[in-house]
4 protein chains.
Amino acid sequence: MPQKVTDRRIQRTRQLLQDSLVALILEKGYESITVQDIIDRANVGRSTFYAHFQDKEDLFLSGFENLQSQFEQHLLGQSPSEINPWTLSLVMFQHAQEYQRVYKALVGERGGHTMLSHLQRYMSAHIGEHLKSHLPVRRKEQIPLEILTLYIYSTLTSLLTWWLDHDMPYPAEQINDMFRQLTQPTVESILQQA
Amino acid sequence: MPQKVTDRRIQRTRQLLQDSLVALILEKGYESITVQDIIDRANVGRSTFYAHFQDKEDLFLSGFENLQSQFEQHLLGQSPSEINPWTLSLVMFQHAQEYQRVYKALVGERGGHTMLSHLQRYMSAHIGEHLKSHLPVRRKEQIPLEILTLYIYSTLTSLLTWWLDHDMPYPAEQINDMFRQLTQPTVESILQQA
Amino acid sequence: MPQKVTDRRIQRTRQLLQDSLVALILEKGYESITVQDIIDRANVGRSTFYAHFQDKEDLFLSGFENLQSQFEQHLLGQSPSEINPWTLSLVMFQHAQEYQRVYKALVGERGGHTMLSHLQRYMSAHIGEHLKSHLPVRRKEQIPLEILTLYIYSTLTSLLTWWLDHDMPYPAEQINDMFRQLTQPTVESILQQA
Amino acid sequence: MPQKVTDRRIQRTRQLLQDSLVALILEKGYESITVQDIIDRANVGRSTFYAHFQDKEDLFLSGFENLQSQFEQHLLGQSPSEINPWTLSLVMFQHAQEYQRVYKALVGERGGHTMLSHLQRYMSAHIGEHLKSHLPVRRKEQIPLEILTLYIYSTLTSLLTWWLDHDMPYPAEQINDMFRQLTQPTVESILQQA
DNA sequence: TCCTAAGCGAGACGGTACGTCTTGTCTTCCA
DNA sequence: TGGAAGACAAGACGTACCGTCTCGCTTAGGA
């Protein structure tokens, strides 16, 4: 079903703005960007910007959500034999490798910390679900599930951010292997506490 | 040598400003505070503020550095038999427990992410030093030291922030034990890779 | 010759817009009306508005010129024995009485001052012509013709505007009589200065 | 009593803004001036403008009121033997002659019509008072006082505006004499209607 | 009866001015 | 002489209108 032309125009404008933001983040960092910078680069009127996005952060998040949807696609496309934190992370590193530029802007340090809470909500759900299904029925509960999830999530994002900010010195598979070596021993030792 | 009265006045003003900032962070979060808010609460003139601090972030960091110095004192006072990541972390959790209010403001989520990079620099030095001295002379180097340091640091700060933002539901010793359970297996397994 | 239907459509749209403007002026005054207000009320597209009129003022003037043409018709239909300022004014007051609503909008105070200069140009021609033909060949020229014209014109428009803004408390003939009482003595005394 | 220096600074800024407005009105007319134009010329920050005046019109009126106060001073200083419409008008024409520049800006056609209603309120009081005290006890009431006042006021402002916009081709005394010749016969004839 | 061109609505868009808000500098006064 | 008070320049913000534009829908009048 072909879209209405109007819709295509709208999409074009949104894309122009998102692209401008990405380029500007890579140039001078998220915090120091003004709305004027963005619309100048996108050749877009001020009111047009505000017709599409509430403010700079809203624009940022729209790009971030795009990335997330795209990531979901990848995840489904891969359909790994088992979804666990380390297959999830592999897909993420690979995805980041493919879309370096956008990832560096939105997830790297120049992108500010806006994305942290959003990423956390998303990742924690996936990770927590996996862990819950592998928990022994009764365990000593020294470490609550919430903290174990937090642990895995924070290790993963730290690695991801570091990897992006250092221009991905390893291929996705290798950095993911490090992630596995860092977290798997701990996770297994904890899950097996009878 | 007695300080000049003037110096005491200066100290008083700096303290007033730092206290205002802490109170305001707990009330409405770091980002949404304006310089006007701070000086109104401190009953201080605008020019006075800028006589002492470059800007809001400078004030924040001055408080943060106070905390760090105080922490160093604690650390020396404790003089643990061995300084390793887990004794360091214990002192930190205990320190945070003692100065809850300031920690919640400066390290908790309401304090923004300004402190992250500063805390990282500080912690990474301590942690890295410990690791280096325990590294086997030749190892397979699958995981570089920098990443291992990052791993420990990010786990610690995640735990600390979570603990503060959830009103410290465990005593310092217990949350530190969780930290140990999360990181020690991994660290040891890595360090022993011949 | 019957007009093309297309032309009738065009006329209808123009009329819709003029009517909207009149209604809106009476409601909230000329200055505070936006083009959006006008086209919303007329159920007309934005581009349609600009296809017919350059801007809000152009629309206003188009209505004003309509009124003027209509007034010319009246003037011819009356064919007063002599056209002088006071027969002219009588026709005007009568015309205004008949088309109260439009006059209040376009000439009253809510209509702004746009019409003043246009009305002035029109009236001054009529008045000036009359005066010139009654001037004594040589007079002391203490008061130039231009000023005498201005005097009559400004008195007439002041009375007209006042009359409209006060909901026409007198019939046209009576307010015109006041106009005559106010201006005729002066005009005659001046014209007769040998 | 010397004013506080702060007050002098404030006065200076207000004056700068008023002067800018006058200069700009003479250059391009009131309507087409933007706040940015004003503050650029005055070398004043945007927020400073709004700290002193609500908007462009407020600035205009502040200048207008200055003029009025000054005019009152003149009027008192002159202390004419009798205050009637024609001595009042003489002082006004003389005052305008002295402060040509400001009058052309604030009362001339380039100044827009904002001042009309304000001037009217002021003048009508003076004129009305004079007329009331000269009314015969019982008269035929063909022309209400309000209209007679309006008549005098509108003639005076028409003359004043014309005079300013034509660069004052006559001295104040002569244009005032025209005003007298135009209005006095009518006023006397009306007031004497027994 | 169909075709075609014009009138039209809808509304996205670039642009500009608005009035508000915050920053960091500066000047003056007071204790 | 240091600090309080606060005026100020600078400039970003989000809003409101403007006048232009592109797009399809409708509809009349000629083929």
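Order of the sequence lines sets the chain letters (A, B, ...), proteins ahead of strands, with each chain counted from 1.
When the C1' atom of F:dC18 is taken as reference, atom CG of C:Leu59 falls 15 Å away, rounded to whole Å. With rounding to whole Å, A:Ile10 atom CD1 is found 16 Å from F:dT22 atom P. Between the CD1 atom of C:Ile33 and the P atom of F:dC18 there is a distance of 11 Å, given to the nearest Å. Put simply, CD on B:Glu57 is 14 Å from C1' on E:dT23, counting in whole angstrom units. Taking atom CG on A:Leu24 and atom P on F:dA12, their separation rounds to 14 Å, with Å as the unit. Going from atom CZ of A:Phe53 over to atom P of E:dC13 covers 11 Å, rounded to whole Å. As rounded to whole Å, 16 Å separates atom P of E:dG14 from atom CZ of A:Arg41. Distance, A:Ile39 CD1 to E:dT16 C1': 11 Å, rounded to whole Å.
The listed nucleotides are F:dA9, E:dA12, E:dA6; the one nearest the side chain of C:Arg9 is E:dA6. The side chain of C:Arg46 lies closest to E:dA12, out of E:dA12, F:dA4, F:dT15.
Relative to the six-membered ring of A:Tyr99, A:Lys104 misses at least one condition, a distance below 6.0 Å or an angle of at most 45° to the axis.
For A:Thr13 and C:Leu16, each mapped to the nucleotide of DNA chain E holding its nearest heavy atom, the one lying further toward the 5' end belongs to C:Leu16. Of the two residues near DNA chain F, D:Arg12 and C:Phe49, the one whose nearest nucleotide lies more 5' is D:Arg12. Residues C:Gln36 and B:Ala51 each lie close to DNA chain F; by heavy-atom proximity, the contact nearer the 5' end of the strand is made by B:Ala51. Nearer to the 5' terminus of DNA chain E, by closest-nucleotide assignment, is the contact made by C:Asn43 (compared with the other of D:Gln54 and C:Asn43).
Checking the phosphate oxygens (OP1, OP2) of E:dG7, no side-chain nitrogen or oxygen of C:His52 falls inside 4.0 Å. For the pair D:Tyr50 and E:dG19, the criterion of a side-chain N or O lying under 4.0 Å from OP1 or OP2 is met. Taking 4.0 angstrom as the limit, B:Thr34 places none of its side-chain polar atoms (N or O) nearer than this to OP1 or OP2 of E:dT22. In this structure, A:Ser47 does not reach the F:dT15 phosphate: none of its side-chain N or O atoms is under 4.0 Å from OP1 or OP2.
At a cut-off of 3.5 Å, with distance as the only test, no side-chain donor of B:Glu57 or B:Thr114 sits close to an acceptor on the other residue.
C:Arg41 has a carboxylate O that lies under 4.0 Å from a charged side-chain N of C:Glu27, or vice versa, which qualifies the two as a salt bridge. Ionic pairing of A:Asp37 and A:Lys28 is present here: one or more N-O contacts between side-chain nitrogen and carboxylate oxygen are shorter than 4.0 angstrom.
Classified by interplanar angle (parallel below 30°, tilted 30° to 60°, perpendicular above 60°), the ring pair B:Phe49/B:Phe53 is tilted.
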